[in-house]
Amino acid sequence: MLPVSHQFIEAMRAPKRHVLAKVTIDYSDPTGDQSITAQATESAHPWIDQVYDGITEVPYRWASLDGSWVLEDSIPWRLMPETEQEALLYQVGWWGEQLAGSDGSFAPLYPSLVVTHVVRAAHTLRLVGDSARGEYAVDFTIDLYGEGDVLLHREIVMGNAQIEWSKELPEPVQGVVKQTVTITRWSHPGRQTKIAEFFTSIQQTYEGEQLVSVRLLEERETSDASLPVGNISSN
């Protein structure tokens with residue numbers, strides 16, 4: 001055990017603490033921000049707003065006329081929702097119109113998706129393909145823009161092999177008002193883009209004088225604690 005001074009021991013036993021707290025709230029409900037809008041250079045159906053609803057799983061293989069719909073398949077196919085009420089129950093996401101070439105590549109103008117919102121900090125990047133069909137973007141570029149269309153960050157991804165791709169940024173990008181993704185190559189030739197989720201959740205961080213009060217649960221018994229000085233939690 002490291003030797004410590006008597007003053008240190010008395011400070012540890014003191015009934016008063018000076019707590020430095022920082023609270024980060026993750027707003028998982030996308031409807032909490034009514035400023036979010038989504039647009040695309042091409043769209044095969046009107047359910048594009050589902051790219052920021054927080055749902056990443058596509059429940060069914062939606063039928064299309066790209067040659068993948070085979071009636072003899074053991075796994076059933078479903079027709080896409082036809083009304084807004086049906087779309088609230090079933091996740092489709094954004095489907096593009098252009099079909100990928102023999103190597104999965106798209107031709108210019110590349111399929112692009114744009115999500116705009118009020119000023120916020122971007123902590124992570126995320127792009128989720130179609131889990132029911134097993135399709136995803138292989139090569140794509142994500143751009144984060146500030147006000148006045150100032151480019152704040154560019155992420156170029158090549159050779160992705162995941163349906164649900166995400167990356168936590170080393171440092172949050174501040175002042176983001178627009179996020180775009182441009183897809184240049186798809187996982188399956190002869191198919192169009194199918195993105196279930198693109199927009200990341202909203203986070204707000206409060207610290208210092210922004211915090212009015214925080215209730216702490218402090219563990220003073222150190223014999224069974226995971227830390228030598230006990231644990232502190234705030235529920």
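- Closest of all the heavy-atom pairs between Trp95 and Gln192 is CE3-NE2, 3.5 Å.
- Side-chain contact between Leu151 and Arg154 is present, with heavy atoms from C-beta onward closer than 4.5 Å.
- When the side chains of ILVMFWY residues are joined at heavy-atom separations under 4.5 Å, either directly or via intervening members, Val181 and Val173 end up in a single hydrophobic cluster.
- When the side chains of ILVMFWY residues are joined at heavy-atom separations under 4.5 Å, either directly or via intervening members, Ile55 and Phe198 end up in two distinct hydrophobic clusters.
- The shortest side-chain heavy-atom distance between Val23 and Leu211 falls under the 4.5 Å cut-off.
- Contact between Ala38 and Val115 at its shortest, heavy atoms only, is CB-CG2, 4.2 Å.
- The same ILVMFWY cluster, assembled from side-chain heavy atoms under 4.5 Å apart, contains both Tyr206 and Val214.
- When atom types are taken as modelled, the side chain of Trp77 and the backbone of Tyr60 share no donor-acceptor pair closer than 3.5 angstrom.
- By the rule that hydrophobic residues join a cluster once side-chain heavy atoms approach within less than 4.5 Å of another member, Leu152 and Leu169 end up as members of one cluster.
- One distance of note links NZ of Lys194 with CD1 of Ile163; it measures 12.0 Å at 0.5 Å rounding.
- No donor-acceptor distance shorter than 3.5 angstrom exists from the side chain of Gln50 to the backbone of Gln91, with no hydrogens or angles considered.
- Here the CG atom belonging to Asp130 is positioned 11.5 Å from the OG1 atom belonging to Thr56, to the nearest 0.5 angstrom.
- No donor-acceptor distance shorter than 3.5 angstrom exists from the side chain of Glu42 to the backbone of Pro111, with no hydrogens or angles considered.
- Taking the six-membered ring for Trp, Tyr145 and His153 have ring centres at least 6.0 Å apart.
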Apply side chain to side chain donor-acceptor pair (under 3.5 Å) to Thr116 and Thr37, showing your working. CA-CA 5 Å; Thr116 59; Thr37 60; 2.5 Å; yes
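- Within the 3.5 Å criterion, the main-chain N or O of Leu125 finds no donor-acceptor partner in the side chain of Gln179.
- Distance OG/Ser43 to CG/Leu113: 9.0 Å, rounded to 0.5 Å.
- Within the 4.5 Å cutoff, side-chain heavy atoms of Val157 are placed close to those of Trp165.
- Around atom CG of Leu109, no more than 12 heavy atoms belonging to other residues, nucleotides or ligands sit under 6.0 Å away.
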Starting from the C-alpha separation in whole Å, work towards a yes-or-no answer on salt bridge (charged side-chain N to carboxylate O under 4.0 Å, His left out) for Arg126 and Glu164. CA-CA 8 Å; Arg126 191 182 197 187; Glu164 185 168 343; 3.0 Å; yes
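- Under the 6.0 Å cut-off for aromatic ring centres, Tyr136 and Trp186 do not qualify, their centroids lying 6.0 Å or more apart.
- Shown here for Pro76 and Arg61, the closest heavy-atom pair between the two residues is O-NE, 4.1 Å.
- Closest heavy-atom contact between Ala100 and Phe106: N-CE2, 3.6 Å.
- The minimum heavy-atom distance linking Ala122 with Leu144 is given by the pair CB-CD1, 3.8 Å.
- Between the side chains of Arg133 and Ser187, no donor N or O sits under 3.5 Å from an acceptor N or O.
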What's the verdict on side chain to side chain contact (heavy atoms under 4.5 Å, CB included) for Ser64 and Trp69, showing C-alpha distance, side-chain angles and the deciding distance? CA-CA 6 Å; Ser64 65; Trp69 182 12; 5.6 Å; no
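- Summarising the geometry of Ala44 relative to Gly96, their closest heavy-atom pair is CB-O, 3.5 Å, with the distance given to 0.1 Å.
- Hydrophobic cluster membership differs between Leu65 and Leu99, with clusters built from Ile, Leu, Val, Met, Phe, Trp and Tyr side chains linked at under 4.5 angstrom.
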Evaluate the side chain to side chain contact (heavy atoms under 4.5 Å, CB included) criterion for residues Thr141 and Glu155: first the C-alpha distance (whole Å), next the side-chain angles of each, then the deciding distance (0.1 Å), finally the verdict. CA-CA 6 Å; Thr141 300; Glu155 191 77 24; over 6 Å; no
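- If you check the side chains of Ser112 and Thr182, you find a donor sitting under 3.5 Å from an acceptor.
- A salt bridge links Asp139 with Arg185: the closest approach of a Lys/Arg side-chain nitrogen to an acidic carboxylate oxygen falls below 4.0 angstrom.
- In terms of modelled atom types and a separation under 3.5 Å, the side chain of Glu207 and the main chain of Lys22 share no donor-acceptor contact.
- A side-chain donor from one of Ser131 and Glu57 sits under 3.5 Å from a side-chain acceptor of the other.
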Test side chain to side chain contact (heavy atoms under 4.5 Å, CB included) applied to Glu168 and His123, step by step: CA-CA 6 Å; Glu168 185 173 350; His123 299 259; 5.8 Å; no
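- In summary, of the residues considered (Ile195, Leu127, Thr193, Ile156), a side chain to side chain contact (heavy atoms under 4.5 Å, CB included) with Phe140 occurs for Leu127 alone.
- Within 6.0 Å of atom CD in Gln39, 12 or fewer heavy atoms from other residues, nucleotides or ligands are found, so the atom counts as exposed in its surroundings.
- Gln98 contributes a side-chain N or O that, together with a main-chain N or O of Ala107, makes up a donor-acceptor pair within less than 3.5 Å.
- Formation of a donor-acceptor pair under 3.5 Å by the Glu86 side chain with backbone atoms of Glu82 is found in this model.
- More than 12 heavy atoms of other shown residues, nucleotides or ligands fall within 6.0 angstrom of atom CD in Gln210.
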Would Val114 and Lys178 satisfy side chain to side chain contact (heavy atoms under 4.5 Å, CB included), going step by step from the backbone distance to the final call? CA-CA 7 Å; Val114 181; Lys178 183 172 71 174; 3.6 Å; yes
